[in-house]
Amino acid sequence: MKHESAILILSLAACILLASSHECGHGRMNVTPRKVTKSFNSGSNEGRRLQEYESIRIHMDYSSIQADKEAPLEARNYLTRIIMPAAEAYFENALKVIRESGTLILEDFGTCFEEIPTYLTTDGVEADLVIKVTAVESDEGWIAGASTCLLGVDNNRPIYGEIEWNYNYLNYDSLFLAENDILTGLHELMHVFGLSNDLYEYFWDNDNDDVQTGQTGTVTKNDIEYNYLNVEPLTTKLRDHFNCDEIEGGYLEN
C-alpha cells in the first residue's frame, strides 16, 4: 500500500480499536486478497497515475441490502442513510491518496465473500475504493465483519472490500446509540484499509521504496499472547502517549 494515507489509518487505529467495544466478526469473512490485472479504464490515458494527493473517493454498494425486503425497513435505512454514510464521509475527509485516472472496473475471481455486482465489473465507477455492504440476522454475538478482496495491480492498495452487518445487534431503534455503530463502521473500514493479517505483507516502506518487512510480531503479557504491529508513526505515538519506551507497537485484536 504505497501511500502515506496508510500512516494516518494506523494512528487512528490506536484509539478506535480500543474505543469500539463490539464483537468484531472480521475473522469469519476472511478471504485472501487478489491483485487485479486491469483496474482502471481511461481510454488513451489508461493506468495514468495522478501526481497529487487528493481525498479518497469511496463508493458504497447497498444493492444487497436494498434487495432484502424481509429485513426491517428501519434497519436497512439506518445502515444505508446514517451509519455507513457517516463512516464514508469521515474517511473521505481524513484520507488522501494518489488517485489513478479513469473508471475503476473490478474483476470477479469468484473468491470474494460475496458476489461482485455486475455493474462494477462492466461499467465501473469513479472511485478509489468500493465497499459492498451487506447484512444478515444472526444470534452468534458479532455486530459486523469485514474483508478485503481486491488490490490494485500497481500499488497494492485495497480497491474492493466487503462489510457485513448483523441486524440483531444494531441500535436502529435508538438514534442516541448510533455513535456506537458509527465507530463500528470506522473499525470495519480500517480492516479493509489494511489492518488485517492478509494485508500486512503489502505494507510499503517509503524510505526504501519497497515492501516493508518485520512489522508484526507477538508478545506475552500477564500470560496472554498478543499480536502487535510496529510501524511509524504509530509506535512512537503510543510510546509518547503511555510514556513507555518499551511498547513493541500497537496490540491487535482478532
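Owing to the predicted nature of the structure, the values given are computational and were not obtained by experimental measurement.
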How about Glu126 and Thr103: does a side-chain donor come under 3.5 Å of a side-chain acceptor? yes
Do the side chains of Trp165 and Ile65 get nearer than 4.5 Å, heavy atoms only? no
Measuring only between side-chain heavy atoms, which start at C-beta, is Tyr200 closer than 4.5 Å to Asn227? no
Between Tyr160 and Leu104, is there a side-chain heavy-atom distance shorter than 4.5 Å? no
If every non-hydrogen atom of Glu114 is compared with every non-hydrogen atom of Lys132, which pair is closest and at what distance? CB-NZ, 3.8 Å
State plainly whether one hydrophobic cluster holds both Tyr119 and Ile116, where clusters connect Ile, Leu, Val, Met, Phe, Trp and Tyr through side-chain heavy atoms under 4.5 angstrom apart. yes
Got a sec, which residues hit side chain to side chain contact (heavy atoms under 4.5 Å, CB included) with Asn168, two or more places apart in sequence or on another chain? Glu137, Asp139, Asn166
Can you tell me how far CD1 of Ile163 sits from CZ of Phe113, rounded to the nearest 0.5 angstrom? 13.0 Å
So does Ile247 get a backbone contact from the side chain of Arg239, meaning a donor-acceptor N/O pair under 3.5 Å? yes
Measuring from atom CG of Asn197 to atom CD of Glu201, what distance do you get when rounded to the nearest 0.5 angstrom? 10.5 Å
With a 3.5 Å cut-off and no angle check, do the side chains of Ser147 and Glu162 form a donor-acceptor pair? yes
Please tell me if the side chains of Trp142 and Glu164 come closer than 4.5 Å, counting only heavy atoms from C-beta onward. yes
Hphob cluster co-occupancy, Phe176 + Leu79, side-chain heavy atoms under 4.5 angstrom: no
Validation row: Leu186, Phe91 side chains within 4.5 angstrom (heavy atoms): yes
CD1 of Ile105 to CD1 of Ile159, rounded to nearest 0.5 Å, is 10.5 Å
With a 4.5 Å limit on heavy-atom distance, are the side chains of Glu248 and Asn230 in contact? no
Over all heavy atoms of both residues, which pair between Pro158 and Leu199 is shortest? Give the atoms and the distance, please. CG-CD1, 4.5 Å
Minimum heavy-atom separation for Ala178 to Tyr78, with atom names? CA-OH, 3.3 Å
Heavy-atom nearest pair, Val192 first then Gly161, reads CG1-CA, 4.0 Å
Do Ile83 and Leu73 sit in the same hydrophobic cluster, where Ile, Leu, Val, Met, Phe, Trp and Tyr count as joined when their side-chain heavy atoms come under 4.5 Å apart? no
Considering all heavy atoms, the nearest Met60-Val133 contact: SD-CG2, 4.0 Å
For the residue pair Thr148 and His191, establish whether any side-chain heavy-atom pair is separated by less than 4.5 Å. no
Give a yes or no on whether the backbone of Glu232 and the side-chain of Thr235 come within a donor-acceptor separation of less than 3.5 Å. no
Sorted by chain and number, sequence neighbours left out, side chain to side chain contact (heavy atoms under 4.5 Å, CB included) with Glu74 holds for Pro72, Tyr172
Regarding Ser63 and Asp61, do their side chains bring together a donor and an acceptor under 3.5 Å, going by distance alone? yes
For the pair Asp128 and Arg99, find out whether any cationic side-chain nitrogen is under 4.0 Å from an anionic carboxylate oxygen. yes
May I have the step-by-step check of side chain to side chain contact (heavy atoms under 4.5 Å, CB included) for Ile182 and Tyr90, ending in yes or no? CA-CA 10 Å; Ile182 293 173; Tyr90 178 87; over 6 Å; no
Those residues that, when tested against Thr213, pass side chain to side chain contact (heavy atoms under 4.5 Å, CB included) (two or more places apart): none
Give the ring-plane orientation class for Tyr228 versus Tyr251, where under 30° counts as parallel, over 60° as perpendicular and anything between as tilted. tilted
Under the 3.5 angstrom rule, does the side chain of Thr184 hit a backbone N or O of Asn180 as a donor-acceptor pair? yes
Could you point out which residue of Val125, Thr122, Leu120 forms a side-chain contact (heavy atoms from CB on, under 4.5 Å) with Leu106? Leu120
Group every Ile, Leu, Val, Met, Phe, Trp and Tyr by side-chain heavy-atom contacts under 4.5 Å, then state whether Leu177 and Tyr167 land in the same group. no
Report, as yes or no, whether the 6.0 Å neighbourhood of atom CG on Asp173 holds more than 12 heavy atoms from other residues, nucleotides or ligands. yes
